[in-house]
Protein chains: 2
Amino acid sequence: MAAAAPPPPPSPTPAVISEDLLPTGYNVFCRIRLATIVDVPHIHKLIHQMAVFERLTHLFSATESSLSSTLFPENSPPPFTSFTVFLLEVSQTPFPLIDQNYPNFSPIHKTVNLDLPITDPQAETFRSCGNDVVVAGFVLFFPNYSSFLAKPGFYIEDIFVRECYRRKGFGKMLLSAVAAQAAKMGYGRVEWVVLDWNVNAIKFYEEMGAQIMQEWRVCRLTGDALQAFANINI
Amino acid sequence: MAAAAPPPPPSPTPAVISEDLLPTGYNVFCRIRLATIVDVPHIHKLIHQMAVFERLTHLFSATESSLSSTLFPENSPPPFTSFTVFLLEVSQTPFPLIDQNYPNFSPIHKTVNLDLPITDPQAETFRSCGNDVVVAGFVLFFPNYSSFLAKPGFYIEDIFVRECYRRKGFGKMLLSAVAAQAAKMGYGRVEWVVLDWNVNAIKFYEEMGAQIMQEWRVCRLTGDALQAFANINI
């Protein structure tokens with residue numbers, strides 16, 4: 001049996017006011033929705049910022065036009081069956097409801113309360129539809145497949161939050177949105193890669209329930225080495 | 001200048017017959033074609049053999065029925081736009097032409113000459129359509145996406161050759177078929193994973209032109225950890 005708790009102290013007039021009477025900080029209204037072709041200019045800038053962050057701009061060759069034709073081709077397949085982008089938008093005012101209800105997805109709304117307001121020096125550049133709405137990040141994913149489970153899953157190619165929005169839970173929100181979608185659809189796995197020296201990211205992913213597959217190495221055939229297969233006699 | 005070659009020996013009646021008069025060994029006729037739903041029983045057995053080989057049968061839960069509904073759903077998308085299986089078949093007689101010509105793929109035929117015949121103890125189990133045709137292996141792949149390149153690619157989930165057909169170039173044939181398809185379609189990358197201790201496989205992949213991405217680790221969210229996201233309030 002646990003030791004008895006000490007008796008409560010006498011109850012004077014409170015010296016501090018109750019927390020729910022304090023000013024409530026700054027509300028940030030968030031929405032995660034499916035990107036469409038009109039979002040491509042923002043997606044292009046986000047991918048470029050990611051390349052800068054990863055010091056890989058020498059590998060960056062995407063254009064708005066090539067993104068449009070590959071992410072949103074004519075006769076696009078339904079969301080989640082091919083390359084899919086969730087956009088994270090933020091606003092200082094609540095989002096109106098939008099008409100983007102697919103059979104298995106509705107935009108996700110959440111309100112985050114912060115101690116300090118966010119100053120976004122690129123708010124104009126990332127202005128989205130609607131009053132005061134700004135694109136803060138994105139996640140790009142597509143179906144993968146586990147033959148052992150005989151089930152599809154999702155592979156996350158990119159997850160990115162713009163600098164002034166980091167360390168506020170937005171990355172977790174985007175990753176959770178993909179995981180929730182996979183779970184809702186009865187999928188077997190969500191997978192992505194992380195750099196082995198990025199210990200903060202690894203800790204964060206493990207806390208979300210992910211296993212890090214230590215023994216596996218990704219093999220990549222690209223550029224001239226891939227092109228060499230175009231005309232070989234197999 | 002190179003040293004002069006010694007004069008040829010006098011030319012008596014040849015003691016051995018010329019090589020092209022020798023018996024030519026054993027021809028194995030090979031075909032790589034797209035799998036269809038009627039191949040599912042073979043695909044199921046191949047995946048199970050792969051699980052046995054990898055000592056991962058505890059993770060194997062695929063059934064013929066679950067493979068059929070996920071690999072070949074009603075209204076299947078065209079090959080290469082979703083989960084795709086190439087089957088490797090072998091025969092002692094040449095393959096007839098089959099009517100499987102998609103806009104960007106025709107079955108691949110090749111003849112391999114071996115010193116010794118292959119004894120296949122499971123030939124009956126893996127008997128395929130046509131006289132004397134046996135399924136020897138498969139590769140399962142699907143589109144992935146590089147946002148830096150703004151191009152699709154292929155991710156190879158499984159590549160497997162049955163035991164009695166190994167070390168004869170069939171694995172290379174299957175991998176080359178996927179790489180050739182990617183190159184032909186203007187895709188940017190082909191990727192897959194390898195276990196870091198499998199030095200023979202790594203050497204083989206590097207010889208084919210692949211880079212091994214040493215710093216990356218695969219993160220996987222699966223099972224209960226994934227299911228926990230089904231009902232969370234993001």
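Not measured: the values here are computed from a predicted model.
- B/Y155 does not touch chain A: none of its heavy atoms, backbone or side chain, sits under 4.5 Å away.
- Residue contact with chain B, scored on non-hydrogen atoms closer than 4.5 Å, involves the side chain of A/L140 exclusively.
- Using a 4.5 Å cut-off between heavy atoms, A/I212 touches chain B through backbone and side chain atoms alike.
- Interface residue A/N144: backbone and side-chain heavy atoms are both found under 4.5 Å from chain B.
- For the atom pair B/R220 CZ and A/R189 CZ, the distance stands at 3.5 Å (nearest 0.5 Å).
- Contacts of A/E157 with chain B are made by side-chain atoms alone, with heavy-atom separations under 4.5 Å and no backbone atom involved.
- If you measure heavy-atom distances from A/F141 to chain B, you find no contacts under 4.5 Å at all.
- In this structure, chain B has a heavy atom under 4.5 Å from the side chain of A/E54, while its backbone stays farther away.
- Aromatic ring orientation, A/Y145 versus B/F83: tilted (interplanar angle from 30° to 60°).
- Both the backbone and the side chain of B/L56 come within contact range of chain A, with heavy atoms under 4.5 Å apart.
- Using a 4.5 Å cut-off between heavy atoms, B/Q181 makes no contact with chain A at all.
- For a residue to count as touching a neighbouring chain, one of its non-hydrogen atoms must lie under 4.5 Å from one of that chain's; by this rule A/S82 does not touch chain B.
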